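Inspection log for the structure reproduced underneath, given as structure tokens.
All of these numbers come straight from a predicted model, not from anything done at the bench. FYI, the numbering just counts along the sequence from 1. The analysis underlying the following values was restricted to heavy atoms, covering all of them including side chains, and did not include hydrogens, waters or symmetry mates.
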Amino acid sequence: SPQLFKIGVIMILVIDLWLVGYKYVKTVPDDKPYPGGKIIEFLKNDHSYYRICLLTYAPNVGPKYSLCQADGFESSISRRYNELVNACNNIPPETSLSLVNFSRWHNLYNLLNIKYILCSSNVKIIRLSHIKHIFSDKYSSIHQNLTCLPRAFITHSFEVYKPKDVLKRLAEDSFNPLSSVIMEEKPNIVFKSMPANTKDNLEILKYSLNEVIIQAESKQPGILVLTDAWYPGWQAYIDGKKTKVHIADYVFRGVELTEGKHRIRFVYQPSSIMYGMVITIGTLGVLVIVLGRWIGQTLPAFVFQKIRQA
């Protein structure tokens with residue numbers, strides 16, 4: 001009967017899918033593909049702005065626990081970011097992303113704001129004085145990078161290189177991101193020599209996917225570097241006035257600051273959204289006009305016909 005035929009087809013599909021998929025779909029304790037609860041609790045209690053680096057685990061640990069993850073998802077990683085990380089690892093820039101190679105620590109990992117390194121408890125990483133083991137549980141281990149740079153900082157010196165030469169300079173061990181920022185065009189501000197022991201004050205007031213607000217104070221002009229990826233559509237406003245967002249250190253955002261106290265607002269406002277709104281509103285307007293004309297032509301005839309039938 002047709003009913004038995006449908007049941008038979010469903011059973012065949014279920015058996016076929018199970019025979020193919022059971023080899024790949026495994027159930028494991030939650031602590032194996034993801035860090036244990038104690039580690040996540042430790043990370044949640046750190047309210048500073050930092051990124052984690054995964055040597056093992058599933059690639060979506062960051063999104064699962066709302067943590068900033070340095071490697072992100074491969075499908076959404078920009079070409080420049082991929083090239084920057086590969087330059088640290090001494091592999092060709094065009095190679096697919098391979099985030100951290102702990103057989104050779106590079107100072108640029110500090111620039112990536114990597115504060116914590118997560119791995120399985122049986123994974124051994126290179127012994128370095130600035131990599132501190134925090135603790136381990138049954139499956140997981142967490143280490144802290146004591147030389148991690150902040151998410152945002154101000155530099156008072158710059159170097160200008162062509163894009164093709166920036167990576168080479170960044171990969172040099174002598175490069176110090178806090179002392180100098182690498183630009184691809186000369187900034188307009190005039191830098192001055194910094195007095196000894198001069199400290200900048202910087203505080204992130206708001207940090208979200210589409211908006212970052214920073215309060216900064218400095219006694220000298222400089223470049224504010226936000227180690228989030230530069231991308232077309234990001235706009236910056238200093239004390240309410242729009243300013244240019246430079247490409248800093250090949251992949252990050254940088255804005256020019258004069259001395260004094262400033263409020264800097266980064267907001268994602270791509271022109272594509274404005275174009276989309278204009279097209280959408282225009283399309284709706286056309287539909288309203290067409291529908292109005294159709295109703296204006298059809299309704300009187302329909303009403304007249306009903307009156308005649310009455």
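- Rounding to the nearest 0.5 Å places CZ of Arg169 at 5.0 Å from OH of Tyr161.
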Distance-only donor-acceptor pairs under 3.5 Å for side chains of residues 7-17, two or more places apart:
none

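- Legend: residues meeting ring pair (Phe, Tyr, Trp, His ring centres under 6.0 Å) with Phe153, ordered by chain and number and at least two apart, are absent.
- The existence of a salt bridge linking Glu83 and Arg79 is confirmed by a sub-4.0 Å separation between a basic side-chain nitrogen and an acidic carboxylate oxygen.
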Donor-acceptor pairs are to be reported for all side-chain atoms of residues 222-235 against protein atoms at under 3.5 Å, with residues two or more places apart or in another chain.
residue: Thr227; atom: OG1; partner: Arg151; partner atom: O; Å: 2.8
residue: Asp228; atom: OD1; partner: Arg51; partner atom: NH2; Å: 2.6
residue: Asp228; atom: OD1; partner: Tyr207; partner atom: OH; Å: 3.0
residue: Asp228; atom: OD2; partner: Tyr207; partner atom: OH; Å: 2.7
residue: Trp230; atom: NE1; partner: Val245; partner atom: O; Å: 3.3
residue: Gln235; atom: OE1; partner: Lys242; partner atom: NZ; Å: 3.1

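- With sequence neighbours excluded, the residues satisfying side chain to side chain contact (heavy atoms under 4.5 Å, CB included) with Gln215 are Leu205, Lys261, Arg263.
- Here CD1 of Ile204 is found 13.5 Å from NZ of Lys206. Values are rounded to the nearest 0.5 Å.
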Below 3.5 Å, can you tabulate the donor-acceptor pairs from side chains in residues 274-284 to any protein atom, sequence neighbours excluded?
residue: Thr280; atom: OG1; partner: Gly276; partner atom: O; Å: 2.7
residue: Thr283; atom: OG1; partner: Ile279; partner atom: O; Å: 2.7

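- Rounding to the nearest 0.5 Å gives a distance of 5.5 Å between CD1 of Ile142 and CD1 of Ile39.
- Counted by atom type alone, Asn145 and Thr147 present one or more donor-acceptor pairs between their side chains at under 3.5 Å.
- Side-chain contact check for Asp200 and His156: at least one donor-acceptor pair (N or O, by modelled atom type) lies under 3.5 Å.
- A search for side chain to side chain contact (heavy atoms under 4.5 Å, CB included) contacts involving Thr258 returns His262, not counting sequence neighbours.
- From His133, atom NE2 reaches atom NE2 of His143 across 5.0 Å, with rounding to the nearest 0.5 Å.
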